[in-house]
Amino acid sequence: MAVAAIALAGASFALDAKGWEPVRADVSQLNSVARSNDVEIKVSPGQVVVASTQQIRIKIFTILGQVVSDDSLPAGVNRLTLPHGIYIIKVADLTCKVAV
């Protein structure tokens with residue numbers, strides 16, 4: 001039963017994530033979580049915001065290891081709306097854990 005509940009919970013992540021969208025508003029007030037030379041990851045309730053100076057490949061996983069997003073993002077600021085939870089984000093050599 002517990003395995004079935006975990007499998008069903010994982011399926012809902014794919015349905016809840018709406019996809020990356022470009023951000024045109026000021027995001028300077030968001031909490032910065034991680035930063036490298038080319039990438040900065042910020043979070044706010046219900047969303048992850050990634051700013052990059054070049055096109056990047058990003059992967060987001062649930063704390064259980066399920067893939068939530070595996071995408072290429074263009075340079076600029078992009079946002080992904082996610083359900084409340086803890087996620088692992090991997091961008092190039094940068095890996096961090098975030099609470100959304």
Side-chain angles (χ1 to χ4, degrees):
M1 290 278 192
V3 173
I6 291 172
L8 289 175
S12 69
F13 283 107
L15 298 173
D16 292 341
K18 294 178 177 54
W20 290 95
E21 58 187 5
V23 176
R24 298 186 197 331
D26 180 27
V27 293
S28 61
Q29 73 280 3
L30 299 181
N31 297 329
S32 183
V33 176
R35 171 181 261 181
S36 71
N37 291 338
D38 299 324
V39 179
E40 183 175 18
I41 299 170
K42 296 182 176 189
V43 296
S44 70
Q47 64 183 355
V48 172
V49 176
V50 177
S52 64
T53 59
Q54 60 188 358
Q55 182 175 343
I56 57 169
R57 174 82 179 226
I58 186 167
K59 294 182 181 184
I60 300 180
F61 303 89
T62 66
I63 199 73
L64 299 175
Q66 297 166 315
V67 177
V68 174
S69 175
D70 184 356
D71 292 298
S72 277
L73 300 180
V77 182
N78 296 279
R79 170 180 58 204
L80 180 64
T81 302
L82 293 170
H84 177 74
I86 298 174
Y87 299 92
I88 306 296
I89 300 176
K90 296 182 89 168
V91 180
D93 294 336
L94 184 65
T95 302
C96 64
K97 180 172 66 170
V98 299
V100 175

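For reference, positions follow the sequence shown, starting with 1.
- For P22, the side chain to side chain contact (heavy atoms under 4.5 Å, CB included) partners two or more places apart in sequence, or in a different chain, are R24, N78.
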Report all side-chain donor-acceptor pairs from residues 88-100 shorter than 3.5 Å, counting only partners two or more places apart or in another chain.
none

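- Side-chain contact check for Y87 versus V48: every heavy-atom pair is 4.5 Å or farther apart.
- Of the inter-residue distances, the one linking I41 atom CD1 with R35 atom CZ reads 11.5 Å to the nearest 0.5 angstrom.
- With hydrophobic clusters built from ILVMFWY side chains whose heavy atoms lie under 4.5 angstrom apart, V49 does not share a cluster with L82.
- Under the 4.5 Å side-chain heavy-atom criterion for Ile, Leu, Val, Met, Phe, Trp and Tyr, V33 and I60 are members of the same hydrophobic cluster.
- Residues forming a side chain to side chain donor-acceptor pair (under 3.5 Å) with S36 (at least two apart in sequence, or on another chain): none.
- Both I58 and V39 belong to a common hydrophobic cluster when Ile, Leu, Val, Met, Phe, Trp and Tyr are linked at side-chain heavy-atom distances under 4.5 angstrom.
- Pairs engaging residues 43-60 under the salt bridge (charged side-chain N to carboxylate O under 4.0 Å, His left out) rule: R57-D70 [sequence neighbours left out].
- Atom-to-atom distance recorded for R79:CZ and K42:NZ is 13.5 Å, nearest 0.5 angstrom.
- Not counting sequence neighbours, S72 has no partner by the side chain to side chain donor-acceptor pair (under 3.5 Å) test.
- Among residues at least two apart or in separate chains, there is no salt bridge (charged side-chain N to carboxylate O under 4.0 Å, His left out) pair with a member in residues 46-56.
- Residues passing the salt bridge (charged side-chain N to carboxylate O under 4.0 Å, His left out) test with D38: none are found, sequence neighbours excluded.
- Scanning for side chain to side chain donor-acceptor pair (under 3.5 Å) contacts around S69 gives W20, D71, with sequence neighbours left out.
- When the side chains of ILVMFWY residues are joined at heavy-atom separations under 4.5 Å, either directly or via intervening members, L30 and L73 end up in two distinct hydrophobic clusters.
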